[in-house]
Amino acid sequence: MLAMVHENLNVWGFPHEAVNFGLGPMNLKTLVMTWIVMALVILFTVAATRSMQLKRPGKLQLMVEEMYSFLKGLAYENLDPKKGASLMCLLFSLFIFLLFCNLWGLIPTMMSPTADVNTTLGMAIGVFITVQILGLYYRKLSYFKHFVEPFVFFLPLVIIEELSKPLTLAFRLYGNIYAGEVLIAVLLGLIPLTITIFGGFIASVVWLSFSIFVGFIQAFIFTMLTIAYIGQVTAEHH
């Protein structure tokens with residue numbers, strides 16, 4: 001049933017099998033959707049900042065400024081203002097990209113790049129590497145002390161804890177976005193046309209609205225956990 005629903009929605013004819021580009025197997029549809037989202041993010045940011053005004057800002061500028069101010073407050077609260085200011089470009093770009101990825105699959109015939117575990121795992125690994133680099137940058141060689149604190153016997157547990165962070169980031173985001181798209185596809189596939197005409201589409205509309213909310217929340221959680229991980233490794237230890 002689910003495979004048939006997905007096949008019916010795949011009007012663009014994207015192949016479902018993985019394609020090897022020399023760097024490893026990747027899903028072609030996910031790759032194309034990611035490129036589209038990247039282009040949309042660029043167009044969105046250009047449109048929001050093209051004619052910025054101080055006295056009479058436009059609606060799009062106000063929306064972007066509100067999101068930026070919200071993330072800025074979180075970064076400054078969990079990091080000191082100097083570190084937070086230096087990381088705002090990274091954090092805001094991460095949030096906007098994930099938000100567009102999460103919501104893109106709600107458009108009929110499209111698919112969220114974050115509904116593919118390869119995308120979320122790649123994002124999580126990128127965050128993990130960034131966190132380790134920032135830990136070394138701010139704490140130098142003393143960064144490695146936390147691997148053997150309070151006792152050296154905890155080293156295996158600390159390593160497992162560090163490696164589990166990107167996995168939890170990846171599978172939390174993937175699970176929520178994929179489940180939302182599957183339920184929308186199932187609802188659309190189960191509702192006959194005659195029922196849809198007479199208001200039977202309400203269930204899918206309600207779930208679609210909830211999926212928009214989930215898309216915002218998951219982008220926020222991913223970014224918030226990134227801030228928390230950076231705060232842990234860059235905090236001063238006395």
Side-chain angles (χ1 to χ4, degrees), residues 30 33-49 60-106 111-138 161-181 210-235:
T30 301
M33 293 298 168
T34 303
W35 286 342
I36 295 175
V37 169
M38 290 167 60
L40 290 175
V41 170
I42 293 174
L43 292 175
F44 173 77
T45 52
V46 170
T49 58
L60 190 59
Q61 179 183 339
L62 284 174
M63 182 176 64
V64 173
E65 287 180 352
E66 286 297 322
M67 290 190 293
Y68 185 88
S69 299
F70 179 70
L71 288 177
K72 181 180 178 181
L74 292 175
Y76 281 28
E77 182 179 351
N78 292 272
L79 311 168
D80 62 69
K82 183 178 179 181
K83 295 175 185 175
S86 64
L87 295 172
M88 275 308 300
C89 289
L90 170 65
L91 298 174
F92 186 70
S93 300
L94 180 65
F95 176 78
I96 289 294
F97 177 72
L98 288 175
L99 179 61
F100 272 69
C101 284
N102 295 346
L103 299 181
W104 183 244
L106 302 181
M111 185 195 82
S112 297
T114 44
D116 189 328
V117 70
N118 294 301
T119 301
T120 59
L121 190 58
M123 297 290 294
I125 292 175
V127 168
F128 175 77
I129 294 174
T130 302
V131 168
Q132 305 307 314
I133 292 174
L134 290 174
L136 285 170
Y137 175 79
Y138 283 104
E161 179 187 6
E162 290 293 324
L163 295 178
S164 67
K165 290 178 180 179
L167 292 177
T168 55
L169 276 176
F171 286 105
R172 180 188 293 108
L173 179 60
Y174 160 71
N176 282 278
I177 302 304
Y178 180 74
E181 290 194 5
F210 180 72
S211 295
I212 295 174
F213 172 74
V214 170
F216 274 89
I217 290 298
Q218 290 304 315
F220 165 74
I221 291 176
F222 195 101
T223 308
M224 186 62 213
L225 288 175
T226 300
I227 295 174
Y229 293 155
I230 293 174
Q232 290 176 359
V233 301
T234 60

Which residue in the set Y76, F220, F92, F216 passes ring-ring contact (aromatic ring centres under 6.0 Å, His included) when paired with F70?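 Looking at Y76, F220, F92, F216, the match for F70 under the ring-ring contact (aromatic ring centres under 6.0 Å, His included) is F220.
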What is the distance from atom [atom1] of [X] to atom [atom2] of [Y], rounded to the nearest 0.5 Å?
{"X": "I177", "Y": "T114", "atom1": "CD1", "atom2": "OG1", "answer": "4.5 Å"}
{"X": "T168", "Y": "L163", "atom1": "OG1", "atom2": "CG", "answer": "11.0 Å"}
{"X": "I230", "Y": "L91", "atom1": "CD1", "atom2": "CG", "answer": "5.5 Å"}
{"X": "E162", "Y": "S164", "atom1": "CD", "atom2": "OG", "answer": "8.0 Å"}
{"X": "I221", "Y": "F95", "atom1": "CD1", "atom2": "CZ", "answer": "11.0 Å"}
{"X": "Q232", "Y": "L79", "atom1": "CD", "atom2": "CG", "answer": "11.0 Å"}

Got [X] and [Y] here, is their nearest side-chain heavy-atom distance under 4.5 Å?
{"X": "M123", "Y": "Y174", "value": "no"}
{"X": "L169", "Y": "L121", "value": "no"}
{"X": "L87", "Y": "L134", "value": "yes"}
{"X": "F97", "Y": "T34", "value": "yes"}

Could you tell me which non-hydrogen atom of [X] sits nearest to which non-hydrogen atom of [Y], and how far apart they are?
{"X": "S112", "Y": "G105", "result": "OG-N, 2.9 Å"}
{"X": "S86", "Y": "Y138", "result": "OG-OH, 3.6 Å"}
{"X": "M111", "Y": "W104", "result": "O-CD1, 3.4 Å"}

Quick check on side chain to side chain contact (heavy atoms under 4.5 Å, CB included): which of N102, I96, L98, L103 does F100 satisfy it with?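 Going through N102, I96, L98, L103 one by one, the side chain to side chain contact (heavy atoms under 4.5 Å, CB included) with F100 is satisfied by I96 alone.
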Pick one: which of T130, I129, L136 meets side chain to side chain contact (heavy atoms under 4.5 Å, CB included) with I133?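 Among T130, I129, L136, the one meeting side chain to side chain contact (heavy atoms under 4.5 Å, CB included) with I133 is I129.
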Evaluate the criterion side-chain contact (heavy atoms from CB on, under 4.5 Å) for residue pair E65 and Y68; output intermediate values, then yes/no. CA-CA 5 Å; E65 287 180 352; Y68 185 88; 5.6 Å; no
Between K165 and V127, does a side-chain contact (heavy atoms from CB on, under 4.5 Å) hold up when you go through it step by step? CA-CA 10 Å; K165 290 178 180 179; V127 168; over 6 Å; no
Verdict with supporting geometry, R172 and L225, side-chain contact (heavy atoms from CB on, under 4.5 Å): CA-CA 11 Å; R172 180 188 293 108; L225 288 175; 3.1 Å; yes
Sub-3.5 Å donor-acceptor pair from the side chain of [X] to the main-chain atoms of [Y], do we have one?
{"X": "K83", "Y": "T234", "value": "yes"}
{"X": "T120", "Y": "V117", "value": "yes"}
{"X": "T30", "Y": "P113", "value": "no"}

Check step by step if side-chain contact (heavy atoms from CB on, under 4.5 Å) holds for L99 and F222. CA-CA 10 Å; L99 179 61; F222 195 101; over 6 Å; no
